[in-house]
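In this text, all values refer to a predicted model and were calculated from it rather than measured experimentally. In what follows, chains are A, B, ... by sequence order, proteins preceding strands, each numbered from 1.
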Amino acid sequence: MFIVDYKSIEDKWKKRWLNKGIFEANPTKRKKCFVTFPFPYVNGPLHLGHSFTATRVDVYARFKRMQGFNVLFPFGFHATGEPILGVAERLKKGDDAQKQILLREGISEDEIEKFKDPKYIVRFWQKRIENDAKNLGLSVDWRRKFTTIDPTFNRFIEWQYNYLKKKGYITQATHPVVWCPHCQSPTGDHDRLVGEGESPIEYVIIKFRFDDKILPAATLRPETVFGVTNIWIRPDSEYIVAEVDGEEWIITPTAIEKLKDQLHHVKVKDKIKGRSLVGKYAKNPVTGKEIIILPASFVDLNNATGVVMSVPAHAPYDWIALQDLKKTKAIEKEYGIKLSDIEKIEPIKIINTSSIMGIPAEEFCKQFGVQSQLDKEQLDKATNELYRKEFHQGVLNENTKNYANLKVSSCKKQLAHDFKNQGIASSIWELTGKVVCRCSTETHVKILENQWFLKFSDFEWKKLAKKCIDQMKFYPEEARKQFEEVVEWLEDKACARKSGLGTRLPWDPEWIVETLSDSVIYMAFYTIAHYINEHKIESHYLKDEIFDYVFFGVGNPEKIANKGITKDLLLKMREEFEYWYGQDMRGSAKELIPNHLTFSIFHHVAIWSDDVEKWPKAYTINGMQQMYGQKMSKSKGNYITIQEAIDKYSADAMRITLMDSTEGMDDPDWTEKATLVWKNKLDNIYKILKENYNKGKAETILDKWLTSRMQEHIKTITENLENLKTKSAVTVLHLMINDIQWYLRRTKPGKALNYALEVLVKCFSPFTPFICEEMWQTMGKKEFVSISEWPKSDREIDKEVLQLEEFVKNLCEDLNEVIKLAGKKDNLYLYVASPKEFDYYNEAKDFLKKEFGFKKVVVFKSSEAEYDPEGKAKRAKFGKPGIYLE
RNA sequence: GCAGGAGUCGCCUAGUCUGGUCAAUGGCGCUAGGUUCAGGACCUAGUCCGUGAGUCGGUGCCUGGGUUCAAAUCCCAGCUCCUGCACCA
């Protein structure tokens, strides 16, 4: 039995690589290749998803290294943002759920205690991830590692943002966000328990006069103010009288908090019962009409102001509520309203839509089978449908005076604007649906003042980004279009937040640079990070002018040098940056296209606007790793960390299985079975190698054949790897193995077999580096296969032999079939059409005897056949000999 | 809804740009035989349908149309799946 001890092989070579520093790259005269991978976020170990992208990049790095490039593959750790801080804070508060999660990760109680310090969390996972990466066999130059919360890195980001600001790429604006009042921070889509996809939306407030006060009715359809017949109020609720921007408004308690967060001056004055308003009259500020205030149960106290204007012609809710009320005799007793006053309220139609003849709300209520205002589900459907229709097709009619004949879709904004100017309207922001923060607090909209934005909308900036994309290579090429699209629609992006780990904006330290914005040019930092690490350079020595010199070559190094950074060191840093930058290849999953990868392009062209050489040169995009056909998810149980996988299946088997899954933007799928199969295969290759390497020096026609075949394979696998087509490359590996096995079936080990096995091991080594080093050593090689020379297709290809051997293969197939029909026979007579075939088949006689158990094999030239009982000689064609068995 | 990508012989995948050499690559699985003091093994053959078999016939690359002497490949329409849609890493 033959079992490879992967564990010890992995340990052995991992250590040797590190000790010899073979992946540490320094500037030389050789051509460089700078390869990067988006650094992982350090709140957990590496998992299968990371390994797919990382291995792809590593395979490329190893391939290029063997091709003779001076390859730099660095690795860093992303720690900025909310999540890590969140873990620490939850633990500090004694959150048991958080503790349980960490316990389940296998972290000890003692350790968890230390997790209350976010910096400790970063250090903890950083160590773990570094180990994971090493165990996976990533060919990284570890001298250059850093985390994004290192003070030196913070200085780098400060420099970056100072520079961007100087160039005018940063602006300040006021902007509505989904806001958690507890966290005091915007609540992004991924930070929500409820309400993914919901966003802020602006309601227009129409100020209905009510004595000396104002009833602010909030609406998404300000144009319908011309059709208002009454106001709706929740009679059972308490309202607040408050001074808002110098006026007295009557609103719900929840509206108070919202308005405060939306740049209104709010002062609470008094409380008032909803029912006390019912039956009274207010004045429509647009039409001047006196309208009655009526009770309605559908009014949502948590939405906007809690005061609703009723447009029964166009709003299904209003229409049905009015119908309900007309049937409610009790209203006379309850509120002292005459039923006749309600009965005489008629809907006022103000929008004409070609397909709707009568009262739109009435028609839609009937169409959707709405019975009463409690029929919420159908009412919502009817409302949405009608709103859509009237928005796109509706035209305002004569009831709207100045706005008559305008399309709803085009006049909406103008109308709201006009009303605001006239002082009869205001606005309140609401959410399109309920949003609950991860901390379980319900959120609302806050208008953030003076927030800092990256001006991605800038026309000139976009133009540069497009130029960069035009010059770039994309693997696969299909990804290019999406980058072009993203640049097109990208708008200004908020680049700072109030909370989380990270770098403070140097000119406005209240703000912390947001995490997607501090990880766009960090790859440049790799080029100097090892100097900072080695010399233990303190952050305060890294002044802006140091970075200006290193990254732009601006300034006099003599003058810029300081106590922490000598002139020599400065010159070295500059040289290093100049040598390595830009990136020759960056690999990532497709989800990062619309954000990180595009942002990175934007920043590069902004910062090195005149130096095209520093721009990214190529991106390779892959799909999202799946497990057993499903998305990976911890809770669903289909989740595996790299360490678990390596322990169970070996790093090599994992790596090659992933590379064998898919190579485009489709999602790769991982199953245990495929990995086990690969593990066997690797075992078997090792076995074949041990049994056959250096076993013979003879040189036959088959050695010519094998060498020729290998030339073709080398050519294709090289092409495939140049284009990051890992799956296709693995297919070539299969073909190589098949050919070697055919060779061994055909003949005894000869000279070409050694060559083929060497090529095979080299070609496998980017995929399965550990076992390849072991095999290379077994073959008696002294240096590492990882830095050996990539095979070149530089030997003779004997096309004739390739063809003739193909004939032999075909002959075997034919013989199989004939024997299946005719049964086993002792003698084979072959009638061939050409002298070359004659010689070739004669050489193959022994093989045919062995393979099919013939006692005698005779080959005739068809023209000179001495024995031919069935006249097969006449039928012999080139490549298709006549066959006679007896 | 909007934008980008994709749908291939039981499964995963190559081929599509540049139409013919494509019943279509490689792997997995399956079937049969061999081998091995039995292991996640290895070797060989077969694996769309019909036929004992073929340099035979049929069907065939999401569905439906079209262009062409010729379509997996080009054009049009539809269906399904993946990713993203922002202040979140």
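- Within the 4.0 angstrom heavy-atom criterion, base atoms lie near H175(A).
- Residue E82(A) is in sugar-phosphate contact alone, with no base atom involved, counting any heavy-atom pair closer than 4.0 Å across all strands shown.
- Here N738(A) lies in heavy-atom contact (under 4.0 Å) with sugar-phosphate atoms only.
- Comparing U83(B), C43(B), A89(B) by their closest approach to the side chain of M624(A) singles out U83(B).
- L848(A) is listed as a side-chain neighbour of L830(A), based on a closest heavy-atom distance under 4.5 Å.
- Taking atom CG of residue N680(A) and atom P of nucleotide C43(B), one finds them 10 Å apart after rounding to whole Å.
- Here L735(A) lies in heavy-atom contact (under 4.0 Å) with sugar-phosphate atoms only.
- Ion pair D739(A)/R709(A) flagged as a salt bridge, since at least one NZ, NE, NH1 or NH2 atom sits closer than 4.0 Å to an Asp/Glu carboxylate oxygen.
- When the nucleotides G4(B), G40(B), A6(B) are ranked by their closest atom to the side chain of D666(A), A6(B) comes out on top.
- For E663(A), counting side-chain heavy atoms from C-beta on, the closest listed nucleotide (G4(B), C82(B), A14(B)) is A14(B).
- Within the 4.0 Å cut-off from OP1 or OP2 of A14(B), not a single side-chain nitrogen or oxygen of N720(A) is found.
- A donor-acceptor contact under 3.5 Å is formed by the side chain of N595(A) with the base of A89(B).
- Heavy atoms of K877(A) sit under 4.0 angstrom from at least one base atom.
- Among the heavy atoms of the strands lying under 4.0 Å from T187(A) are primed sugar atoms or P, OP1, OP2 only; no base atom is included.
- In summary, R745(A) and E851(A) engage in a salt bridge, as defined by a charged side-chain N under 4.0 Å from a carboxylate O.
- When each of F77(A), Y522(A), F153(A) is tested with F39(A) by the rule ring pair (Phe, Tyr, Trp, His ring centres under 6.0 Å), just one qualifies, namely Y522(A).
- Mapping Q451(A) and K673(A) onto RNA chain B via the closest heavy atom, the residue that lands nearer the 5' end is K673(A).
- Across all strands shown, U16(B) forms no Watson-Crick or G-U wobble pair with both distances under 3.5 Å.
- Checked against G5(B), G29(B), A89(B), the side chain of E514(A) finds its nearest nucleotide in A89(B).
- With a cut-off of 3.5 Å on both pairing distances, G52(B) has no Watson-Crick or G-U wobble partner at all.
- Within the 4.5 Å cutoff, side-chain heavy atoms of E105(A) are placed close to those of W125(A).
- Counting non-hydrogen atoms under 4.0 angstrom, K727(A) reaches a base of the nucleic acid.
- Listed candidates were C28(B), A45(B), G40(B). Nearest to the side chain of R745(A) is A45(B).
- Of the candidates A14(B), A6(B), G84(B), G84(B) carries the atom nearest the P594(A) side chain, counting heavy atoms from C-beta on.
- For K590(A), whose side chain is taken as the heavy atoms from C-beta onward, the closest listed nucleotide among U83(B), G4(B), G54(B) is U83(B).
- Which of G46(B), U13(B), C43(B) sits closest to the side chain of Q741(A) comes down to C43(B).
- Closest to the side chain of H734(A), from the set C82(B), A86(B), G26(B), is G26(B).
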